[in-house]
Structure formats: structure tokens, C-alpha cells
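Letters go in sequence order (proteins before strands), and every chain restarts at 1.
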Amino acid sequence: MKKAITRRRMLQLTSGGVAAATLGTPSILRAQESYPDRPINIVVPFDTGGYNDRLARAFAPFLQEKLGQPLTVINRGGAGAMLGHTYFLQQPDDGYTILCTSAAPYIPLNILTQDATFTVEDFHMINLPSRDYTLMATSAGSDLTSADDVIARLKEDNSSLSIGIQPASADLVNLMLLCDANDISREGLRLVTYDGGGPTRNATAGGVVDIGLVGGEGFLPLAEQITPLIVFDTRQRDGWDAALITDVAGEDAEFVVGSQRGWGVHASMLENHPDRYEILAAAVEEASKNPAAIEALKNQQLATDWYGPEESNKSLAATARVMQQHVDLLQGT
Amino acid sequence: MIDFNSVGGAFSLLTSDWSAWIYLIPGLIIGLFFGAMPGISITMAMAIFLPMTLYMDFLPAIIFLTSIYTGAGFGGSVPAVLMNIPGTSSAVATTFDGYPMARSGQHNKALGIALASSVIGTLSSYILLFVLIAPISRVVLKMGPLELFFVAAWGLMLLGSLAGRSLARGLLAGVFGVLLGTVGMNTAGFIRGTMGVPWLLDGIPTIPAMMGLLAASQLLGLINTTYLVEDEASRKISFRQIVSGLRQAISYPAIILRGAVIGILVGAIPGVGSSISNLLSYSETKRNAPDGDTFGQGNPKGVIAAEAANSSSEGGAMATMLALGIPGGGATAILLAAFAMHNIVGGPSFIGHNKDIVYAIIFSNFAQAVLLLMVGLGFVYIAGYVVRVPLRYLIPTILVVSTFGSYAIDGTSSGPITLFVFSLLGWAMVRYGYPVAATVVGLLLGGLLESNLLRTYQVSGGDPAYALERPGALLILAIMVVSVTITAVSKARRRAGDAAVGQQKPAPKA
């Protein structure tokens, strides 16, 4: 028996489908009242495999559990997170697109050096659990063994050491502040610029450059190949056996914290969807404090500490201010 | 160098658990399909399947992902041969001779050759890795900017051989490519040539640009042709031809070995990898072959050189990742992420404490290489049917697939726009007799050349004596000079021989 679909039959099917769709719509609208009722996208403005990507993917299962909806990671890498940040702000502020990024230094850098169309106030950080710090290190086989060695050598001749560093970075600001504190001229330093933290660390560990200044957390896998020299923080981090910047440059040493990474939303979400914001912020807080999450992320050397929106935004704003002061350092090296 | 206790441990790991084996073939097939789709990179294929591995045990997860890696490494050469589209940047040199072979009706053979070279390349790179993992890891981090600059300069020597009839036009096209390769923010933070477009800050998107230059420009030139292979009798799918290709590849062990050594060494250097190794191997093989002049017109040796090198880069990249815990490229970054998902941190301590797992990964890659031969045979047999599709269907299909692929790279219209601009550029270059391949090589090497030259200047403070502190760089330079001299001398000798013959009997003018 031949059963061809006639045009009439096709029309019936189509109109039936349209009718079903129309009937279905109100129920979708009704369900929207209970946020979230569909999957949520996490925008990561970096390529796969980086810290933010790993953080987003590792934390997602725990956040998903609290929100009751699946989370999808969308990588929008490129141009120092500028493209990803712009893309994120172009999405609706309805809480179905959230951000996992290195808010500092990248949001201020986009604004100060790349003529971004947004401002720091367009973003609202729910929590920035990861607070990286600059680590000055040298290759394990190097004849430099302490911060004092480095400073003595640079004081004698500031071009005597090659320094691996990323241009337009918190690390560069820290290096310059350290030089200022020790009366070392900024002019004539032998800076060797790398395109990312990974290449900078490889060059440092391999002794291609004499010293390197770069985010310290990423150095952990290479710990055996380096000698840590200065931790740019007020407390000892990750068990490095190194001098603190406060030991080297005094109690009131000026320095900037490194990358601050974590979870953000559109600032406008707080006004347009305050109820959803509450739900989301509570879910991030609960997931961050979940012992299973803490354990899982700790094993992957990822941070889950809960600082909360107030402190996270304050710290981001403070970093943005310091970077603004040193804007001349951030534009081209 | 080889710890035999751990070798035993690796065998018992692999034999005690069947789950380590069931993911091999699915992984290879996934890799082949994704690798053969233009625009979908090896990294992307692995990233898509990364979440799945969360539910597997550690070893099966890594074996699954490395199977995708192996499969995708070969998959890229299928569109390179059949459609002149390098599925990934590591298959650029495969197009140089693979596509001309396909057009002259030797598509079955070309695919067979590519498959055999890939299989042997992968296999030999893992054998080298098995023996050399420790020494390689010691050398890799010491590669400084001067060394990398020489590697890139070596790759540039390929320009001379891609020039075709006019050396001047070839060099001009190459320099143009290098300039294009320096668009964007350079390593010192200066922004050049972006015309205010933020998408160009990271440089011109390489893969869409390559697809436009190589493929679209070719396709537009084919518009008045009815089939890819014009001779109807050659338009058949022959398993025997594929197998004869396999055999032909094996008959050039020296080329495969050279490709494998170049592949593993270059692949081990973070940030360089297979997209450079296939160019280097091709260029070296061409210069050393007695019939070097026929490269680019469908010489099987060109395909062998390119494929042996790009597939063996996998082993090199794995060595760096396993020994140092640092990713050499996107694919190994995904593998490290998979390590992290299973709460394992790669690096020296991992290798020190888990030698049995490292060897188990290496052994499973031996198995992958062998299985790739089987799965790949079926795959290229089916893929070969492309030559039977009339071009009036094939050309639009390829253009549409390329457009989707270029969009898939980062999900923005920057990909398709780049593809369109470079298609026009490629067409114009072909129309006026400039070799597009030279521009592609320049584009691939431009960034590497520039940033390492700049870094050399920064490290040395402009003092040329710095070169003397870098014995590795001098060694690379010496090998390069010696290799070029030997070729030049032997070429001159051959020419003298030809001239002597020519005096007795006037040679017909070519």
C-alpha cells in the first residue's frame, strides 16, 4: 500500500503543529517565574584549558546541583578576554548567561588599553574565589638564590638580568613598584615579553630568562624546576619558600594583587531581575561552601573560597584604580 | 631510560581491565570525522568529548581522548588530499602534493600513502617517546627565542621551493604572508594593522584564511570543469589502489623516519607543534629528493613527508605534557584538563610516581596506531567517493561546509568573513600567477618569526655575542647550513652530469 503525504495532509500537520506551539507557549511563560527553568550558559572569555575554563567546568556540577538546571560552558577566547567580555554584555541580563572570568586584570585592561566600550561598573561579581599573586622566580639551576641577590644585581646594573614578563600585566606593575622602592631605574631594564603566563613560566623554568615575574598559582606544576624568590602578597602562599614583598620592600610596600577570577553577572541584572539574582548568588554561595566541591576543586588546584559580592567587587574596583594610576606602564613595553 | 618494572605494571594495567580498550575504536572514528571536517580542529573535537570522560576511570578517559587525538591527526589529511582544504593547519603541506595526485586520478593511492605515513609516523613517535621521554623533557624548556627563530627561518626556506615559475613572485607572496602573520597585538603589547577591528587583535584567524586561500581559490578556478578527476576511467574507488599506496609509503623509510624525527622534536616544543613540523619535513624532503622539481605536481614523497611529520608531532607534544605537565598546544591542554578532572596533576612528580600509567598510555597509543590503519582504510574508502560527485554539486557543498566550519571555530562571523576575504584574495593571486601556498606558509610562520626575533633582541639587549651563549641555536643553524650546502652541491653535480649527457645528444626543450 502506498501512503503518500498529500498537500492537504501536510497542511493539517503543519497547522496542528502551529496550534500546539501556541498552546504550549503560555506554560513556558508561566514556568519562567521560577528561575531557572532552562539551561544556563557560562561564558568563559578564554580558550579551553586555561584557569577560568577549568574553574568553570569543575565548579559547574556543584552549581548545577543547586540550581537544578544544566550549565553549559561557552568559550569565547581572544584579544585578552575583550571579545568574550563584549559578547557577554551583549547577552540579555536575565540570569541565563553568567560569566566566569579573570575579572582583574582583564576587565580594567580592556578598558585602559583596548578602548573597550564597557566600564568596570557594567559587571557585578558574585564571588572571586581565586586571587592570584605575582611570583618572582628563577630557574632551579640559577646562581640567583634570594630576593636580595636579584635586587643587588639590579642595583649594580639594571640591565644585568633578563626579566621574563607579560606586557600590560599586574606583574609588570609590581616589578616597576619594586624597582622604585629600591631606587632601580625603570629605564634600561631588560624586559623579555611573552604572550601568556604559560610561556613566561616555561622560559623562567628553562633558564631562558634570568628571572620571571608571573602569576604564582600556575607555577605549581613546575615547582621542582624553579627557585621562588618573592611572593607579592602580605602572607605566604601555596607553600613557596620565598620572601614576601613586605619583607623586601617594607611593611607598607606598594603592590597589586594578581588575577582575581570567578563568577560575575551583568550589573543591570540586580535592577532588572533582583529575585533571580538572589537565587543565583545564594546558589553560588552554597556550592562554594559545599565540602565536596571544596575537596574536588582543591585537588585540581582551583579555588572555591567564598568572599561574597561585596568584598569581590570592592577588591576588583581597588585593582582597577591602581591599574588606572599606572596606565602608562600598561600600554606597550 | 626504560624502567622495566613499570613496563610490567603497564601491561597488567592494560590487561586487567577491558574498559581501557573499548574506547579505542569509537575514539578513532570520532577523531577521523571531526578531523576531516574543515574548521573543526583536533582541540575542538577533544573539548567536545571532554565532559564525557568525567564518568570514566582515569586510564580509559585518557585513552579515549588520545584516540580522538590520533584519529583527528589523520582525519585532517582527507579533505587536504581530496579538496585541497587542510582540515587543520597541520595538513597544509599534505595539500601541496596530495591534491595534485587526486586531480590526476591517483586519489586512492594518495589517501593510502597518507594513511600509511600517519600510522607509521604515530607509531615511531611513540616508540621514540618511550625511549626519549626523559631527555626530551630536559631540553624542551631550554628552547629559547633564538632557537625558535632559527626553526621558523628553516620553515621559511620552503618559500623558495613553493615559488613555482617565478622566484620573485614566490618571495613576494611569502613576504606578504609573513606581514599578514604579524597583524594583531605583538608580544610587546603593540597593536598593528588591526584597522580598529577587535577580532584582529589576536591576528588573522589562520584556519579560515588558509581555507580561503587554498581551497576556495582553487574551487573558483574549477568552475568550468565537470569532475575533480577529469579522466572518467580513473574516477573509480579502488581498494587495491589504496593498498598499493600503503605499500608505496613503506618503501620510503628514510622519508618517514626524517618526518618522524622532525615531527617529534618540533612537536615537543610548546607553542610550535604540528603546523610547523609538516612544513619543515616537506621542505627537507623536497630539497633532498633527486626528483625535487616534481614536488607540488603530485609527487607521493611530498605526501609521505608531510603526513609522517604531522602525525608524529602528537608523540612529541605528549612527551612535553607528560614529563613537564605543560601543554604544547590545544590538544594537550585538553588532556591536562582531563588529568585535572580526575584529580591528577601532570608534571615531573606524576611521571616519577606513575611510570606504569605513562607506559600504559604509550602502549595504548601503539595499539591506536595499528587500529587507525584498519579504521582509516574503511574511512578513506568511503571518503574516496567524493571524486564521483559532479563538481557542480561538490563546489557549493564544499563552500557551504567551509563556511560553517569557519563559523564553528569560535562561533562568530569573524571566521566566515575572513574566509570570504581570503577566497577573493586567493583567487586574485592565482589569477595573476602568485603562489598562494607561499602566502599560507608566511602566514603560519610570521607570528613565530617576529615574536622570537623580538624576544631574542630583548634577551640579548642587542648584543650579537648572545648567540655564542646558545649552543643549541648554533647547532640548529649549523644543521640548516650543512643541509642546504649538501643539497646545493649535489644539485650542481647532477646538473653538471645532465649537461654532460646533453652535449652528446641535444635534450628536447621542456
Side-chain angles (χ1 to χ4, degrees), chain A residues 47-50 53-54 57-58 60-61 73-80 82-83 86-87 113-116 139 159 162-164 166-168 188 190-196 198-199 201-210 220-225 295-296 299-302 330-333, chain B residues 43-44 46-47 50-51 54 139-145 147 184-191 194 196 198-202 205 270-271 324-327 330 332-337 339-350 410-412 414 447 451 454-461:
Chain A
D47 291 331
T48 44
D53 181 59
R54 284 171 46 224
R57 289 177 201 276
V73 176
I74 301 181
N75 296 91
R76 287 283 169 139
M82 166 101 153
L83 301 179
T86 310
Y87 169 80
T113 68
Q114 295 175 303
D115 300 325
S139 159
S159 69
S162 56
I163 305 167
Q166 295 176 79
R190 235 162 77 203
L191 300 182
V192 184
T193 47
Y194 285 88
D195 303 325
R201 289 183 196 102
N202 294 348
T204 308
V208 173
V209 288
D210 295 317
L220 288 171
L222 287 168
E224 291 167 33
Q225 272 131 332
E295 170 75 19
N299 284 333
Q300 299 180 41
Q301 294 168 352
L302 298 167
L330 302 172
Q331 284 160 335
T333 306
Chain B
T43 315
M44 215 185 294
M46 290 170 69
L50 177 66
L54 190 59
V139 173
V140 161
L141 284 183
K142 300 212 165 10
M143 292 290 287
E147 288 83 348
M185 189 188 279
N186 82 343
T187 181
F190 291 100
I191 299 169
T194 60
W199 282 272
L200 287 175
L201 279 175
D202 285 338
L324 299 171
I326 54 177
T332 39
I334 300 287
L335 277 173
L336 275 180
F339 272 52
M341 281 167 59
H342 291 87
N343 299 332
I344 289 173
V345 178
S349 54
F350 169 72
D410 58 3
T412 68
S414 67
S451 55
L454 176 61
R455 259 174 232 139
T456 309
Y457 175 74
Q458 290 172 330
V459 171
S460 63

Q. Which pair of non-hydrogen atoms, one from A:Arg190 and one from B:Gln458, has the smallest distance, and what is that distance?
A. CG-O, 3.4 Å
(Q) Could you report the tightest heavy-atom contact between A:Val208 and B:Pro145, atom names first, then the distance? (A)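 Between these two residues, the closest heavy atoms are CG1-CD, 3.4 Å.
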Q: Kindly compute the distance separating OG (A:Ser139) from NZ (B:Lys142), expressed to the nearest 0.5 Å.
A: 5.5 Å
Q. Which atoms of B:Met46 come close to chain A, meaning under 4.5 Å heavy atom to heavy atom: side chain ones, backbone ones, both, or neither?
A.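 For B:Met46, there is no contact with chain A at all, as no heavy atom is under 4.5 Å.
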